[in-house]
Amino acid sequence: MAKNYMFSSVRFSDFQKKVYRAVLSIPLGQVRSYSWIAKKAGRPKATRAVGTALKNNPFTILIPCHRVIKTDGSLGGYSGGLRKKRELLDLEKKIISSVKI
DNA sequence: GCGGGCCTTCATT
DNA sequence: AATGAAGGCCCGC
């Protein structure tokens with residue numbers, strides 16, 4: 001498994017890197033599904049692995065894992081608590097509408 | 001709604 | 001290093 005050493009003290013697996021990149025590309029106030037991320041990471045069927053990678057995410061501020069939900073529309077899970085996830089999404093929604101006006 | 005499949009990580013040995 | 005278990009899921013029946 002290839003490792004990335006661009007930051008000496010922080011090492012992420014290749015898969016993880018792709019997942020994070022995909023998640024970072026999600027616009028403010030929008031959401032994508034786990035399968036979408038998996039596809040973007042080159043492993044369309046690795047949906048569960050995506051979940052693991054996101055959970056492992058060290059910086060929830062930098063990586064908006066709350067914008068990732070299940071394909072059926074339900075929230076899925078969140079390591080910081082589903083409540084927080086809902087609140088964040090709601091907040092982003094409000095931000096969007098405020099700015100749009 | 002339930003059961004099987006897929007892929008990566010983590011903990012043990 | 002190898003093996004087993006678990007996890008923020010998805011698809012078909």
Side-chain angles (χ1 to χ4, degrees):
Chain A
M1 170 193 314
K3 296 284 187 182
N4 193 10
Y5 291 99
M6 62 174 157
F7 303 111
S8 52
S9 57
V10 183
R11 317 171 331 180
F12 291 119
S13 72
D14 244 24
F15 179 73
Q16 217 165 117
K17 229 183 0 178
K18 287 177 187 161
V19 169
Y20 292 155
R21 188 181 290 282
V23 174
L24 284 170
S25 76
I26 305 176
L28 174 68
Q30 300 216 6
V31 295
R32 296 291 184 277
S33 67
Y34 289 90
S35 57
W36 186 89
I37 305 285
K39 197 154 72 173
K40 207 82 175 169
R43 296 276 181 302
K45 303 178 213 165
T47 55
R48 299 181 91 158
V50 170
T52 339
L54 287 182
K55 184 167 68 173
N56 204 326
N57 158 2
F59 304 104
T60 52
I61 300 297
L62 301 179
I63 301 176
C65 37
H66 57 273
R67 293 182 195 157
V68 185
I69 63 176
K70 296 209 286 184
T71 44
D72 60 15
S74 54
L75 283 184
Y78 192 61
S79 29
L82 283 174
R83 204 176 109 174
K84 212 68 182 162
K85 186 171 185 177
R86 242 194 320 266
E87 287 176 359
L88 283 170
L89 286 172
D90 193 57
L91 174 64
E92 291 194 348
K93 219 155 108 186
K94 286 182 180 173
I95 293 177
I96 288 293
S97 57
S98 305
V99 173
K100 250 187 181 168
I101 299 172

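To find a chain, count down the sequence lines: A is the first, B the second, and so on, and within it residues start at 1.
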Against the side chain of A:Ser33, the closest entry in C:dG8, C:dC10, B:dT9 is C:dC10

Between P of B:dC7 and NZ of A:Lys55, the distance in whole Å: 19 Å

Once you round it to whole Å, what is the distance between P of C:dC9 and OH of A:Tyr78? 15 Å

In this structure, NZ of A:Lys84 is separated from OG of A:Ser79 (nearest 0.5 Å) by 13.0 Å

Quick check for you: among C:dC10, B:dT8, B:dC10, whose closest atom lies nearest to any side-chain atom of A:Arg43? B:dT8

Touch class at under 4.0 angstrom, heavy-atom based, for A:Ser35 against every strand present: sugar-phosphate

Please report the closest heavy-atom contact between A:Gly29 and A:Ile96, naming both atoms and the distance. CA-CG1, 4.1 Å

Going by modelled atom types, is there a donor-acceptor pair between the base of C:dC9 and the side chain of A:Thr47 at under 3.5 Å? yes

Side chain A:Arg48 and base B:dG5 donor-acceptor under 3.5 Å: yes

Tell me the interatomic distance from A:Leu82, atom CG, to C:dC9, atom P, rounded to whole angstroms. 10 Å

A:Arg32 atom CZ, over 12 foreign heavy atoms within 6.0 Å: yes

Report which part of the nucleic acid A:Lys70 touches: base, sugar-phosphate, or nothing (heavy-atom distance under 4.0 Å, all strands). sugar-phosphate

A:Ile61 side, atom CD1; A:Ile63 side, atom CD1 - distance, nearest 0.5 Å: 11.0 Å

Heavy atoms only, 4.0 Å cut-off, all strands: where does A:Ala49 land among base, sugar-phosphate and nothing? base

Determine the contact category for A:Thr52: base if any of its heavy atoms lies under 4.0 Å from a base atom, sugar-phosphate if only primed atoms, P, OP1 or OP2 are that close, otherwise nothing. base

Base, sugar-phosphate, or nothing for A:Val68, non-hydrogen atoms under 4.0 angstrom? base

Of B:dC6, C:dC11, C:dG8, the nucleotide closest to the side chain of A:Lys45 is B:dC6

Under 4.0 Å, counting only non-hydrogen atoms across every strand here, what does A:Phe15 touch: a base, just sugar-phosphate, or nothing? sugar-phosphate

Is there a side-chain polar atom (N or O) of A:Asn56 under 4.0 Å from OP1 or OP2 of B:dC10? yes

Please state how far atom OH in A:Tyr20 lies from atom C1' in B:dT8, giving the value in whole angstrom units. 12 Å

For the backbone of A:Lys18 and the side chain of A:Lys40, can you confirm whether one donor and one acceptor N or O come within less than 3.5 Å of each other? no

Sugar-phosphate only, base, or nothing, as touched by A:Asp72 at under 4.0 Å among non-hydrogen atoms: nothing

Look through every strand shown and name the nucleotide pairing with C:dA6 as Watson-Crick or G-U wobble, where both distances are under 3.5 Å. B:dT8

Taking 4.0 Å as the cut-off, does a side-chain nitrogen or oxygen of A:Thr71 come that near to OP1 or OP2 on C:dC10? yes

Length of the line joining A:Trp36:CH2 and C:dC10:C1', which is rounded to integer Å: 17 Å

